[in-house]
Engineer: 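Before we start, here is the structure in question, set down as structure tokens.
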Protein chains: 2
Amino acid sequence: MTLVTIAQASATTGVSAKMIRHYESIGLIKPPLRTENRYRHYAESDLHDLGFIRRSRDLGFSFEDIRQLLDLWRNKARSSAEVKAIALRHIKELDEKAAALAGMSRTLQSLAASCHGDKRPDCPILEALDHSIRGNP
Amino acid sequence: MTLVTIAQASATTGVSAKMIRHYESIGLIKPPLRTENRYRHYAESDLHDLGFIRRSRDLGFSFEDIRQLLDLWRNKARSSAEVKAIALRHIKELDEKAAALAGMSRTLQSLAASCHGDKRPDCPILEALDHSIRGNP
DNA sequence: GTTGACCTTCCCATGGTGGGAACCCATCTT
DNA sequence: AAGATGGGTTCCCACCATGGGAAGGTCAAC
């Protein structure tokens with residue numbers, strides 16, 4: 001059983017030491033072993049969990065989602081339907097957020113396209129912010 | 001000069017009273033007139049600014065951006081190039097964020113597509129979180 | 001024995017928004 | 001006159017995820 005310090009755990013999992021401590025404080029990971037100096041020492045299974053968490057975060061899952069996903073991962077009697085349901089709901093949220101951002105971008109692009117962008121003060125972008133555009137409340 | 005209370009200002013501009021006070025506290029809007037009761041009373045120009053801010057927020061601009069946009073709006077000698085530059089930079093940020101979300105969604109969609117979603121525990125989504133997928137570090 | 005590189009805990013900040021307490025004020029009804 | 005209702009006011013706390021930094025303990029090497 002290889003034990004590593006928090007800095008090494010951070011280096012191998014890509015999770016900052018700050019965040020590792022935070023995950024512990026909110027109960028997302030188990031408190032690790034401590035040496036007699038009270039230094040945290042992580043075992044391989046801890047490193048696995050941290051990697052799991054980092055990859056989940058990379059996919060945009062919230063801590064609450066990750067909590068459930070980790071539980072499911074540990075539960076050998078899980079049903080894949082439960083995992084899939086979490087993923088599908090998350091995909092929906094991601095798509096909604098992306099669509100919202102894309103909508104803003106589209107609106108701004110069309111405004112910017114008709115803005116001269118020179119020394120003159122006239123600007124359809126400011127006009128749009130000035131009074132609401134019909135169709136874009 | 002019509003003066004309205006904070007609740008009326010909120011109703012006509014779509015900005016919550018809470019946020020109106022917040023905007024004032026961070027210096028985004030000028031402190032409004034006060035009656036002898038210390039009630040805030042807003043003039044038409046204040047309402048304009050609040051509407052301007054709300055529409056800017058709807059387009060995803062940060063407070064710092066809005067501060068500059070409001071300054072440019074007030075400055076009759078502005079150049080539209082300055083406004084356009086802020087908008088273009090913001091469009092870039094929006095597009096980057098949207099692309100990041102879309103990327104997460106795409107990855108999850110392909111994983112979910114190959115997940116049975118039944119009572120069996122096997123699940124490519126959990127496998128992906130378990131150990132990094134090649135090409136998706 | 002000192003330097004420097006770790007570790008520990010604790011508090012504070014971000015950005016944008018909301019909740020709620022505790023209190024003041026105005027008006028309408030009993 | 002008293003009280004209910006529905007404003008207003010300030011102030012603090014919460015979210016989510018992350019980072020900064022202070023103040024101090026511990027260990028290695030030189």
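All chains are named by letter (A, B, ...) in the order of the sequence lines, taking the proteins before the strands, and each is independently numbered beginning at 1. As a basis for the values below, the full set of heavy atoms in this structure was taken, side chains included, without hydrogen atoms, waters or symmetry mates. Note that this is a predicted model, so its numbers are computed, not measured.
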Engineer: Test side chain to side chain contact (heavy atoms under 4.5 Å, CB included) on A:D49 and A:Y23; report intermediate values, then the result.
Structural biologist: CA-CA 11 Å; A:D49 286 1; A:Y23 294 167; over 6 Å; no
Engineer: If a protein heavy atom is under 4.0 Å from the base, mark B; if only from the sugar-phosphate, S; if neither, -; do that for nucleotides 8-21 of chain D going 5' to 3'.
Structural biologist: SBB------SBSBB
Engineer: Calculate the interatomic distance between A:Y42 atom OH and C:dC6 atom P; express it in whole Å.
Structural biologist: 16 Å
Engineer: A:E36 has an atom CD; how far is it from atom P of C:dC7, in whole Å?
Structural biologist: 15 Å
Engineer: Which residues pass the salt bridge (Lys or Arg N to Asp or Glu O under 4.0 Å) test with B:D118, sequence neighbours left out?
Structural biologist: B:R120
Engineer: Quick test of your reading: applying ring-ring contact (aromatic ring centres under 6.0 Å, His included), list the pairs with at least one residue in residues 92-117 of chain B, sequence neighbours left out, ordered by first then second residue.
Structural biologist: none
Engineer: Taking CD1 from B:I53 and P from C:dG16, how many angstroms apart are they, rounded to a whole number?
Structural biologist: 12 Å
Engineer: Does A:E64 come within less than 4.0 Å of A:R67, counting only side-chain N to carboxylate O?
Structural biologist: yes
Engineer: Indicate the ring-plane relationship of A:F63 and A:H22, choosing parallel, tilted or perpendicular according to the 30° and 60° boundaries.
Structural biologist: tilted
